[in-house]
Amino acid sequence: SNLSNASALLNHGLLSLPPPSSAVNWCGFYVVDPKNAKQLILGPFQGHVACQTIAFGKGVCGAAAASLKTQLVEDVEKFPGHIACDSASKSEIVVPIVQDGKIKAIIDIDCAELNGFDEDDQHGLERVADLIAKSSDFWSFSAIDLERLSIS
């Protein structure tokens, strides 16, 4: 629930600001896959249809997840291995959400303009990520838990 409301709040808040913030074209979350701790799966978002899975280390989202560091990308065409889910995206910021030193999710925001984000955006989104980490319960299923959840 927190991620759903946060994606809507971030998206509509950014769209209400002057350019380039008003050129945001995707805003949402990827969460760590409970079945594969080295992969992100699509979470709540606002925007066009998106990639469903992203391996750690792949693209901007995977780089943020693997490094636990914000990725501020002025021009996605210059980012090695960028995953283009929406060809309109020109810049991107991805912020890891970390609990107890472990990646749990990422905030991913795309902009249809180059240089859509700056260090002020980075600091603000890192504060949002910290608030989400402190106020959210992310799953951490074991294989036994997954068996119990299976429908027979």
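What you see is a predicted model, and the numbers here were worked out from it, not measured in a lab.
Residue Leu125 holds its CG atom at 7.0 Å from CG of Leu14, rounded to the nearest 0.5 Å. Within the model, atoms SG of Cys51 and CG of Leu40 stand 11.0 Å from one another, a figure rounded to the nearest 0.5 Å. If you take OH on Tyr30 and CD on Gln52, they are separated by 8.5 Å, rounding to the nearest 0.5 Å. Summarising the geometry, atom CD1 belonging to Ile41 is positioned 4.5 Å from atom CG belonging to Asp33; distances are rounded to the nearest 0.5 Å. Remark: Phe29 CZ to Lys104 NZ distance equals 16.0 Å, nearest 0.5 Å.
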Using residues 64-76 as the side-chain source, report each donor-acceptor pair under 3.5 Å to any protein atom, sequence neighbours left out, with the distance given to one decimal.
| residue | atom | partner | partner atom | Å |
| --- | --- | --- | --- | --- |
| Ser67 | OG | Ala63 | O | 2.8 |
| Ser67 | OG | Lys69 | N | 3.1 |
| Thr70 | OG1 | Glu126 | OE2 | 2.6 |
| Gln71 | NE2 | Lys69 | O | 3.2 |
| Asp75 | OD1 | Glu77 | N | 3.0 |

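One N or O on the side chain of Ser136 and one on the backbone of Ile132 form a donor-acceptor pair closer than 3.5 Å. Asp121 contributes a side-chain N or O that, together with a main-chain N or O of Asp118, makes up a donor-acceptor pair within less than 3.5 Å. Under the 3.5 Å distance criterion, the side-chain polar atoms of Asp100 are left unmatched by any main-chain donor or acceptor of Lys102. Listed for the Asp108 side chain is no donor-acceptor partner under 3.5 Å among the backbone atoms of Cys27. At least one donor-acceptor pair closer than 3.5 Å links the side chain of Ser91 to the backbone N or O of Gly116.
Hydrophobic clustering of Ile, Leu, Val, Met, Phe, Trp and Tyr side chains at less than 4.5 Å, counting indirect connections, keeps Leu114 apart from Leu17.
Considering only heavy atoms from C-beta on, Val24 comes within 4.5 Å of Phe117 through its side chain. When side chains are defined from C-beta on, Glu113 does not count as touching Lys90, because their heavy atoms never get closer than 4.5 Å. The shortest side-chain heavy-atom distance between Phe45 and Trp26 falls under the 4.5 Å cut-off.
Residue-environment remark: NE2 (His123) exceeds the threshold of 12 foreign heavy atoms within 6.0 Å.
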What's the verdict on side chain to side chain contact (heavy atoms under 4.5 Å, CB included) for Val60 and His82, showing C-alpha distance, side-chain angles and the deciding distance?
CA-CA 6 Å; Val60 182; His82 174 255; 3.9 Å; yes
Set out, in order, the CA-CA distance, both residues' side-chain angles and the distance that settles side chain to side chain contact (heavy atoms under 4.5 Å, CB included) for Lys58 and Ile83, then state yes or no.
CA-CA 8 Å; Lys58 301 292 183 184; Ile83 300 169; 4.3 Å; yes
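Across every non-hydrogen atom of Glu92 and Cys61, the tightest pair is OE2-SG, 4.0 Å. Counting all heavy atoms, side chain and backbone alike, Gly62 lies closest to Ile54 at N-CG2, 3.9 Å. Closest approach of Ala133 and Val98 over heavy atoms only: CB-O, 3.3 Å. Heavy-atom minimum distance, Ile103 versus Ala105: CD1-O, 3.2 Å. Pairing each heavy atom of Phe56 with each of Ala37, the nearest pair is CZ-O, 3.5 Å. Minimum heavy-atom separation, Cys111 to Pro20: SG-O, 3.4 Å.
Ile107 pairs in a side chain to side chain contact (heavy atoms under 4.5 Å, CB included) with only one of the listed residues (Leu3, Ile93, Val94, Leu10), which is Leu10.
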